[in-house]
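Residue numbers begin at 1 in each chain, while the letters A, B, ... track the order of the sequences.
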Amino acid sequence: MLADLADPADFGNEQDWAFEMKWDGVRVVAYLEGSSVELLSRSGLDITASYPEVADALQSIKVDSAVLDGEIVAVDRNGRPSFALLQSRINLTRPGDVQKARAAVPVQLMLFDLMELDGRSLIKAPYEQRHALLSELVATADHPRVQVPPQFEGDLVAALAVSEQLNLEGVVAKRLGSLYLPGGRGRTWLKIKHQRMQEVVIGGWRDGRGRRGGGIGSLLMAVPESGRLRYVGRVGTGFTDVDLDQIADRLEPLARATCPLVDVPSIDARDAHWVEPVLVGEVACSGWTRQRRIWQPTWRGWRPDKRPDDVRVEHPEDAPTPATNQLSRRAPDELR
DNA sequence: TACAAAAAGTTGGCTTGGTAG
DNA sequence: CTACCAAGCC
DNA sequence: AACTTTTTGTA
């Protein structure tokens, strides 16, 4: 079951909803059967071997069989969940790598739903009942690595405040009395994300492929820094087909042969078309990555009232916490 | 027929792993 | 060893 | 993840 995107304005009566943190990690469905545990990712892959301590912790739950829903989270030294940290544990397959990663980046499982208990499906049971049974069940484990995080019933403002303080992505609202809809987005789970606006200088574009073939695929963004323009990634979503055509008309006369930006990785410069960096646009985003790129940018439109020198970075210090990745076989410099 | 829901198709960053040269 | 691509996660 | 467009389903 997935959550649809929503705004705080979408909530007429907050009393109809329970609010939970939107944990910034990896979604898992856990299958408990006797003494065996199986963790499945969102795409249905078995990821049990990647998180052995989670599987161990789940085994301490006293139950014959159960199917649980939750999010695996890595916590930084300030105690805040960090997806950047967790990424070093995703896709590890060799047992040796997993062991090293397990020591360097501990994870825990935040459980928020219960779909099956002792062979009885709870999919058609109301949310409150599923959650109550889940809490009872996990209490039998008393293991710090498996938790049922608190709810904020009927108080979106409080939930959003906590979410922001923990540096989380946002809040998930769950409609009271609603059923579990496997694989579905039914407007009974809604996610409210902390979004920021960021002005960016457009320094070029990249060709589109497939249905975007012959036109623009994405725009290359930059931000003024130390008197130069620093590359901050690409934006490839948020525009309509018409938008893309109009953007192409505007950029083509500005084409130039040389790269006007600094800090462009060769992999990104390879297939770029550069333009005079004179136009300013606006994107919505979820923040900044460790490599100082814009995280999850979506196009919002031009800012004809702004010049490149007017562009400021709002909160560069809010970048996800550094990953202390001692496991990479690549040069540590790349992670700096 | 009109609207809503679902599916398909495009794009982003990051990390690992594989292949070609 | 670098370059490039694909598959995962978001 | 995001978003848009297209297809499918339903009222």
Side-chain angles (χ1 to χ4, degrees), chain A residues 2-5 22-28 39-47 49-51 71-74 81-94 96-98 100-101 104-105 107 168-170 181-188 191 193-196 198 200 205-221 231-245 247 265-271 283-301 319-323 325 327-332 334-335:
Chain A
L2 301 170
D4 273 334
L5 197 54
K22 185 177 190 319
W23 299 100
D24 200 3
V26 173
R27 184 73 175 277
V28 288
L39 304 175
L40 295 192
S41 74
R42 224 174 97 168
S43 62
L45 295 181
D46 188 333
I47 55 174
S50 297
Y51 309 98
E71 188 98 359
I72 290 179
V73 166
S82 164
F83 184 73
L85 265 180
L86 185 62
Q87 275 186 128
S88 62
R89 292 203 53 172
I90 297 172
N91 289 335
L92 290 187
T93 49
R94 300 189 194 97
D97 289 348
V98 173
K100 286 183 211 160
V105 181
V107 298
L168 293 171
E169 281 189 295
L181 307 170
R185 292 178 144 101
R187 301 298 291 182
T188 56
K191 55 183 173 186
K193 299 188 69 170
H194 304 302
Q195 275 204 326
R196 303 185 195 136
Q198 176 63 54
V200 291
W205 81 86
R206 193 183 191 226
D207 290 324
R209 292 140 80 166
R211 66 190 306 283
R212 284 194 187 171
I216 286 177
S218 60
L219 303 180
L220 285 70
M221 307 178 290
Y231 177 67
V232 292
R234 304 187 288 230
V235 53
T237 192
F239 6 61
T240 64
D241 292 352
V242 171
D243 288 339
L244 284 170
D245 288 344
I247 290 169
S266 56
I267 191 83
D268 291 13
R270 194 179 41 175
D271 48 12
V283 296
C285 64
S286 300
W288 294 79
T289 75
R290 225 177 87 64
Q291 322 282 351
R292 307 176 73 202
R293 307 281 186 88
I294 295 180
W295 177 237
Q296 291 174 351
T298 73
W299 180 253
R300 286 294 192 259
T321 317
N325 189 344
L327 308 157
S328 173
R329 53 190 173 74
R330 310 206 166 177
E334 205 174 73
L335 300 162

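- Here dC9(C) is the nucleotide among dC3(D), dC10(C), dC9(C) with the atom lying nearest to any side-chain atom of L45(A).
- If you check dA2(D), dG18(B), dC9(C) against the side chain of R94(A), the one that comes closest is dG18(B).
- Projected onto DNA chain B by closest heavy-atom contact, G183(A) and I216(A) fall at different nucleotides, the more 5' of which corresponds to G183(A).
- Atom CD1 of I294(A) is separated from atom C1' of dC14(B) by 16 Å (rounded to the nearest Å).
- Going from atom CZ of R292(A) over to atom C1' of dG12(B) covers 19 Å, rounded to whole Å.
- Contact annotation for G186(A): no contact, since no heavy-atom pair falls under 4.0 Å across all strands.
- Taking atom CG on L86(A) and atom C1' on dC10(C), their separation rounds to 10 Å, with Å as the unit.
- R270(A) has its CZ atom 16 Å from the P atom of dT2(C), to the nearest Å.
- For Q291(A), counting side-chain heavy atoms from C-beta on, the closest listed nucleotide (dC9(C), dT15(B), dC5(C)) is dT15(B).
- Comparing atom distances between the R212(A) side chain and each of dG17(B), dT10(B), dT5(D) picks out dT10(B) as nearest.
- For R211(A), counting side-chain heavy atoms from C-beta on, the closest listed nucleotide (dT5(D), dG13(B), dT16(B)) is dT5(D).
- Spacing between atom CZ of F83(A) and atom P of dT15(B) amounts to 10 Å, rounded to whole angstrom units.
- Residue contacts shown for S43(A) are limited to sugar-phosphate atoms, with no base heavy atom under 4.0 Å away.
- Computed from coordinates, the L181(A) CG to dA6(B) C1' distance equals 13 Å when rounded to whole Å.
- If you check every strand for non-hydrogen atoms under 4.0 Å, D24(A) touches nothing.
- Taking only side-chain atoms of L5(A), from C-beta outward, the nucleotide of dC3(D), dG18(B), dG13(B) with the closest atom is dC3(D).
- Between R187(A) and R206(A), the one whose closest nucleotide on DNA chain B sits nearer the 5' end is R187(A).
- Spacing between atom CZ of R209(A) and atom P of dT11(B) amounts to 6 Å, rounded to whole angstrom units.
- Nucleotides dG9(B) and dA7(C) are separated by 16 Å at their P atoms, to the nearest Å.
- Contact annotation for G184(A): no contact, since no heavy-atom pair falls under 4.0 Å across all strands.
- The distance between atom CD1 of I267(A) and atom P of dC4(C), rounded to the nearest whole Å, is 6 Å.
- Distance from the side chain of K191(A) is smallest to dA2(D) among dG13(B), dT4(D), dA2(D).
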